[in-house]
Every structure is written in C-alpha cells, then in structure tokens.
*Asks:* 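The following block contains the structure, expressed as structure tokens.
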Amino acid sequence: MTTSAGRVPQVQMLSPDGVFEVPSEYAHYGKYIEKLTLDDFLKFYRDMARIRRFDNECTALQRQGQMGLWVPAVGQEAAQIGSGYAVGKNDHMFPSYREHGVAITHGIDLMSIIKMMRGVNHGGWNPEETRFHLYAIVLGTQVLHAAGYAMGVNFDGNVGTGDPEVDQAVITYFGDGATAEGDVSEALLFAAVNKSPLVFFCQNNQWAISSPVSAQTVVPLYLRGEGFGVPGIQVDGNDVLACYAVTAKHMDDARNGLGPSLIEALTYRVGAHTTSDDPSKYRPQEETDYWIARDPITRFEKFLRRQGVGDEFFQEVAQAGDDLATQIREATFAMPNPPLENIFKHVYTDPHPLVQEQQAWLENYESSFEEDSK
Amino acid sequence: MTNTAEMSIAKAINAGIQKQMQKDSKVLVFGEDVAELGGVFRVTEGLLAEFGNQKVFNSPIAESGIVGTAIGLAMRGYKPIAEIQFEGFVYPAFDQIVSQLAKLTNRSEGHLSMPVVIRIPYGGGIGAVEHHSESPEAYFAHTPGLRVISPSNPNDAYWMIQQAIESNDPVIFFEPKRRYWLKGTVNLDTPPATMHQAKVLREGTQVTLVSYGPMVVTALQAADLATAEGISLEVIDLRSISPIDFPTILNSVRKTGRLVIASEASTSYSVASEVAARVAELAFYSLEAPVLRVGSFDVPYPPAKLEELFLPDADRILEAVDRSLAY
Ligand SMILES: Cc1ncc(C[n+]2csc(CCOP(=O)(O)OP(=O)(O)O)c2C)c(N)n1
C-alpha cells in the first residue's frame, strides 16, 4: 500500500529472488533468524507446501460436494506458517476462519477443519489444550476474546517474570476487512489500557470478499493501533522469515510485559474468498498474476536452494503432499454424518429442562417410526 | 436460629457478590463506573475497597468490549460479573452475548464452559430519559445457551446472584431497577429455592397471576385489591425467565383454571406470550378461560411523563382478572 507520503516502511528479509538480507534498522528482528537452523527452515518449507497442498485438495473436495464450503488460504502461507512458529508453547492463538496454516504449526488435526467445513460440527477441538482457539466466523469477535484472555494472563502474573516457563503471550488473527469492525477497535483499546500481552496479527490480503482494502481504511493498517496506544509494524506477508522474526520479537515483548502491538502482514488472497465466490467479477486477473509471481513458497524455495538444499528435498515434500492429499480424501469420504442427538449436547454445561424435554420428545418421535415399521 | 438481615435489593445483590468474591478468588467485577463509584445504582459499592483493582475495575465504555473480554477471561478460568449500566445500552454487546457467549460451549463441544454473569438493570418507573426504562428480556430468553433470571425481592436477589455466579453457564441477571430500594428480610443461611424455580408467593383459588421482576410487587398489590373484592388470586413469581418453571405454573392453573400473566415488557412476542402458549398446550382441559397477558403496549417506551399510564398497574391486572372470571 502507498500513502500520500509514498510507500510505507516494511520489514522484508528475503528478496523476491530469495536473497536473505536484514536491513540494519531491523537488526532487532534479524536476531531471531540467527537462532534458526537449517532444520527449522526445512520445517517452514514443508509446512507451507503441506498446507498449500491441503488447501487445493480441499477446494477439489468441495467441488465434488464433500464439503459445504472451503475457505482457501493460498498465497498466505508465509504469513501463517511464519507467525505460527513464532508462537511459544504456552501462548494462546485466537484465529479467524482462514488460519489453516497457523493451525498446523500447533498440531491441530487437519481433519477437524474439514469436519467443520463439511458441516459435521462447529469446530469442537479443545482450545485450552491446543491453545489454538476455535475459528470465529463473526468478524472481529475473536479479537475481543483474545483481549480478555490476555487480561487474564496479566492478572495471573504470567507476564514479565523472565521465566520462559511462566510468561505467556496471546496472538489474534484477523483480516483487513475485519479491522473495520468495532470489536477490533475495542480490543485495541482494552489491550492498551490493560497493557496486555497481546499481539494483533492482521493479514492484509487486500480483499474482503469483493471489497478492496481501500474500502476499509485510508490509513495503512499497521497504523490503526497508534491512536489507541498500540504500536504497529508492517511486514512482508509473503516472506516467511520476516513474518517469523517480527512475530517472535513482538510475542517476546508481550511476554516481557511491554504491552500489545500490531503486525500488519501485507499479503494477497490468491484464490477466491471462498468456494462460493467469483473474483473475476471484481478484480483484474493481472493483479492476481502479479501476486502469483511473488508467491511465498517459490520465494522460500529460492532461498533454500541458495542454502544448498537440492531437488531431493523438494521431491520428497511433493511426494508427502500427494500422500497427504490421498489420506485426507479417503478420510473425508469415510467421514460419517453426526448423529442427530448431537444437537442437544453441550447447549449448556449444567442440565437444562427444556433441552432435556425436547430431546426426550425427539427420541419418542423417532422411535414411533421404528414401531410403525415393525 | 437463622441469621437474617434487613436490606434493599441493591444491597442484597451487593452482599451476594461480596460473599461469592470472598469464597472464590476467580470472581471479577467490571463494567462502567463499577469501581470507585460502585456503579450508578451503587450495587458494587465497597467491592473495590475490599477486593482491589485487579478484581473490581472500570472498563472502557464499550459494551461489546465488556462482554467480549468477559468471554476471554472466562476462557482463562475467571468468573466474570460484567455490569451493563442500563438495559438500553446492552445492544452494542448483543452479538457477543447471543452469538459468542451463548454458543461457545456448544461450538467447542463442551470443552469450554462460560460461567459469565451479565448484570442488567431493567424496567421503567423511575422517570428516566429515553433508553433507561426498557424490558428487553425476551431477546435473551429467545437465545439457546443463555439462562435468564430476575429477582423481585431482597432475599431472592441475595441468593439468585450467588446462584448465577456459581452457574457454569452464562446467566443474564436482570435487576428490577425501580425496586432497587425495596427492603426486605434476607435469610443469610438458606436459599429460598434453586435458580430456576418459580415460587408461589400467595396462595389463592380463582385466578393464577404469573409475573416476574419489577411487576411482582404490582401483582401482589393487585392480589390485595382483589381480596378486598372477594376474589382470590394465586400469585406466582417466575424468578427464572429462561428456563421457565412450568410445573409450578401448571400445578396452579390446574387448580384455578384461569391464568393472567403480567410483565412490563411489550406484550407481543414476550415472555408472557411463551407462558401463555405453553400453558395452552399443556393444560388445555384445565382452562376455564383464555390465558390473558397484561403488558406494555407495542410502541416505543414513552417519555417519562407518560410511563405511569404506559406501564401495567394493579388496575390493569385486575381488569384482566375480571375478563378471565367473566368467561
Ligand atoms: C460481522 C460480520 N459481518 C459480515 C460477515 C460476512 N463476511 C465474511 S468474510 C467477510 C470479509 C472479511 O474480509 P477480511 O477480514 O479481510 O478477511 P479475509 O476473508 O480476506 O481473510 C465478510 C464481509 C461476517 N462473517 N461477519
């Protein structure tokens, strides 16, 4: 995004040709890359490729009627895998609905995402155990939940002790469109006032369904928090190393008691908003082509090849992707429909007379058919 | 010997919260002006001094934020009591209440409980400006996943707020604003009932009169006036708006054969409507007359100079009682 003042400053570490270089003004971020090993780099690549393969397979499965809807994250892998791996083992994540990449960095079973999009349940993984909270479809709502959670982390004294086993931070994901929701602004304010250990991670993929980011803001989004007292930074969202480093630094700051901050990862939604969408109606193909040429996975492959990683590795990853695709296809086709009685489960935690009464009625109703057919 | 104390409804809620905070360090109180001031109705007075500013604090004036952060705090293991200053200001938080708070237990397949209490002063009769006198309880009662209750007297207020705090589910706690200063005896040892039980406040034989919250006082007045005219009303305080204790209502209707439901809310699509529909389904053959509802008109809440005529009073209740008896 450009402003009246020209291009905004952006943290980038990998050039489009995969050359790694940290500008001196970003040395405090660069430090985080120095701690990474080749194995970490390979892991980043594997997961970006894995989630891309998964994503494309899911679109195909939706087309075949196996899912009600698919929400592709193609093009946003660097922002998601990079930031996801910067989240520590005690930290909590509050995603929106497109964060499949973040999900796999913390062990969420990919089938549980398919299960939800297929219409079997509304999520159902354990947020406390996984620390990856449920997908949120009402835009911006999860950002307030994250703000509340982060207030609790503060109250519990899990901030600024210097003990990595004790200190915790929270990260929340939302899109450029969601920034227009009041909940996001309220969350920035609550986090600032409470000096909460919360990182706001905005994936600016430049489109909110058919609305360009210019319909949501006239000021670059990384500046959105300034008036609330939440400093921001823009990172190249197609640069996995920059996304990792910037998120890691801001999560560290949050854990250390320095309060909230906002990261705007500038990326692009290469695919449709969802499988119900038709981007050709509102944006030129040339724009999409421009961004496909800046693909985050290709860029990271160039970097890895410069590090001496050879064909063998990339072939192995491609094979693993095909295996994964086969596996999820089979698992999706085999996935049973949920039993009807599920609708009465977990409406409340404690027993509820109306739910019990209606469940009993339904059971009776259903069994009346069994008797009829005898 | 039972320990008792005389107190107002406002003081009783305060004492109930205080007791729960002494018992459970996870209970938090927040909202607009709840700390030093003790809330605009002083319901949280003294809590800051006793429990400190990590347990009792003012939130920014952002209702969605208040409820949204209450949800996050509940996820963290806290038991938030969030105050909405007046019922007319709850709507900015509506999504966080009906789409988030109410559904998270279900959406997480039971992995998350939402022990959140949202306190909302409601109802009219205090001569207030616009948006300070309404009765929005039906919106919340219509939402699966929420529990909605409203005390009508100090003893219930003292116990029901505690039951709400101890509940593992979200509870919308409607406080009868114009009765805040109503005094009564609180039994400090034993709760009068469970959270969702209705109570027969006055036994009678001819017509069952159901009401809740601020209208209960009016219903009791109507019963007194009726007695003077030789008519016997059985007065039931619902106490719980969702779920409703139908067995208690049905027991009474099977005896009296007649039912009038009174509340301050606009009559159509109301809690009274739900009671009427269910009683018609479940006690049709016991009914001697159609179930009648006495509520406000289906118009915006009027300016204060008209509210006395707008709100149902004992006479309007008795008019319905007469109609019922005339069948
Ligand atoms: C409160 C609310 N309003 C509208 C919608 C419908 N909706 C779903 S996604 C979307 C666009 C969101 O764009 P953005 O936040 O940029 O995220 P992206 O989908 O690009 O990842 C809209 C309008 C919604 N889910 N929630």
*Asks:* Would you confirm whether B/Arg239, through its side chain, and B/Gln197, through its main-chain N or O, come within 3.5 Å as a donor-acceptor pair?
*Replies:*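 Yes, the answer is positive, given that a donor and an acceptor are paired below the 3.5 Å cut-off.
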*Asks:* Do B/Gln96 and A/His145 have side-chain N/O donor and acceptor atoms under 3.5 Å apart?
*Replies:*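 Yes, A/His145 and B/Gln96 have a side-chain donor paired with an acceptor closer than 3.5 Å.
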*Asks:* With a 4.5 Å cut-off on side-chain heavy atoms, are A/Asp91 and A/Ile171 touching?
*Replies:*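 No - every pair of side-chain heavy atoms lies 4.5 Å or more apart.
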*Asks:* Can you check whether B/Ile165's main-chain N or O pairs, donor with acceptor, with B/Lys79's side chain at less than 3.5 Å?
*Replies:*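 Confirmed, B/Lys79 side chain pairs with B/Ile165 backbone.
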*Asks:* Ignoring hydrogens and geometry beyond distance, is a side-chain donor-acceptor pair present between B/Arg293 and B/Ser270 at under 3.5 Å?
*Replies:*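 B/Arg293 vs B/Ser270: no donor-acceptor pair found between side chains.
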*Asks:* Among B/Ile84, B/Val171, B/Ile161, exactly one meets side-chain contact (heavy atoms from CB on, under 4.5 Å) together with B/Arg119. Which residue is that?
*Replies:*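 Of B/Ile84, B/Val171, B/Ile161, side-chain contact (heavy atoms from CB on, under 4.5 Å) with B/Arg119 is met by B/Ile161 alone.
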*Asks:* Check whether the side chains of A/Thr172 and A/Tyr149 place a donor and an acceptor atom closer than 3.5 Å, and report yes or no.
*Replies:*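 Their side chains do not contain a donor-acceptor pair, so the 3.5 Å distance test is not met.
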*Asks:* Measuring heavy-atom distances to chain B, does A/Asp156 have an atom under 4.5 Å in its side chain, in its backbone, in both, or in neither?
*Replies:*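 Answer is both: backbone and side chain atoms of A/Asp156 are under 4.5 Å from chain B.
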*Asks:* I'd like to verify something: which residue of B/Leu112, B/Val67, B/Ile244 has the highest number of heavy-atom pairs under 4.5 Å with chain A?
*Replies:*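 Between B/Leu112, B/Val67, B/Ile244, the count favours B/Leu112.
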*Asks:* Which atoms of A/Ala187 are under 4.5 Å from chain B, going by heavy atoms: the side chain, the backbone, both sets, or neither?
*Replies:*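 Neither; nothing under 4.5 Å.
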*Asks:* Heavy-atom pairs under 4.5 Å with chain A are the metric here; pick the option from B/Leu146, B/Leu28, B/Leu104 that has the most.
*Replies:*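 Ranked by contacts with chain A, first place is B/Leu146.
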*Asks:* Could you check which of A/Asn342, A/Asn121, A/Leu354 has the highest count of heavy-atom pairs closer than 4.5 Å to chain B?
*Replies:*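 Most heavy-atom pairs within the cutoff with chain B belong to A/Asn121.
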*Asks:* Does any heavy atom of chain B fall under 4.5 Å from the side chain of A/Phe94, the backbone, both, or neither of them?
*Replies:*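 Answer is side chain: those atoms of A/Phe94 sit under 4.5 Å from chain B.
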*Asks:* Side chains of B/Ser64 and A/Asp183: do they bring a donor and an acceptor to under 3.5 Å?
*Replies:*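 Side-chain D/A pair, B/Ser64 to A/Asp183: present.
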*Asks:* Within the side chain of A/Asp350, is there an N or O that forms a donor-acceptor pair under 3.5 Å with the backbone of B/Asn168?
*Replies:*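 At least one qualifying donor-acceptor pair exists.
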*Asks:* What part of B/Phe246 gets within 4.5 angstrom of chain A, counting heavy atoms only: side chain, backbone, both, or neither?
*Replies:*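 Neither the backbone nor the side chain of B/Phe246 comes within 4.5 Å of chain A.
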*Asks:* With a 4.5 Å cut-off on heavy-atom pairs, point out which of A/Thr141, A/Leu134, A/Ile137 contacts chain B the most.
*Replies:*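 So the answer, after comparing A/Thr141, A/Leu134, A/Ile137, is A/Thr141.
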*Asks:* Quick check on A/Gln168 against chain B: is it the side chain, the backbone, both or neither that has a heavy atom closer than 4.5 Å?
*Replies:*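 Only the side chain of A/Gln168 comes within 4.5 Å of chain B.
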*Asks:* At a heavy-atom distance under 4.5 Å, which candidate from B/Gly145, B/Ser113, B/Pro170 has the highest pair count against chain A?
*Replies:*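 Max contact count across the listed options: B/Gly145.
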*Asks:* Can you tell which of B/Ser59, B/Ser108, B/Pro60 has the highest number of heavy-atom pairs within less than 4.5 Å of chain A?
*Replies:*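 Of the options given, most contacts go to B/Pro60.
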*Asks:* Is the closest side-chain donor-acceptor distance between A/Glu341 and A/Gln359 under 3.5 Å?
*Replies:*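 No.
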*Asks:* Which of the residues A/Asn154, A/Leu189, A/Val153 is involved in the greatest number of heavy-atom pairs with chain B at under 4.5 angstrom?
*Replies:*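 The residue among A/Asn154, A/Leu189, A/Val153 with the greatest pair count is A/Val153.
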*Asks:* Using a 4.5 angstrom heavy-atom cutoff, name the option from B/Thr105, B/Asp169, B/Asn106 with the most pairs to chain A.
*Replies:*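 The candidate making the most pairs under 4.5 Å is B/Asp169.
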*Asks:* Could you tell me which of A/His352, A/Met116, A/Glu128 has the largest number of non-hydrogen atom pairs under 4.5 Å with chain B?
*Replies:*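 Looking at each option in turn, the highest pair count goes to A/His352.
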*Asks:* For chain A, which of B/Pro80, B/Ser167, B/Ala62 has the most heavy-atom pairs under 4.5 Å?
*Replies:*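 Most pairs with chain A among the choices: B/Ala62.
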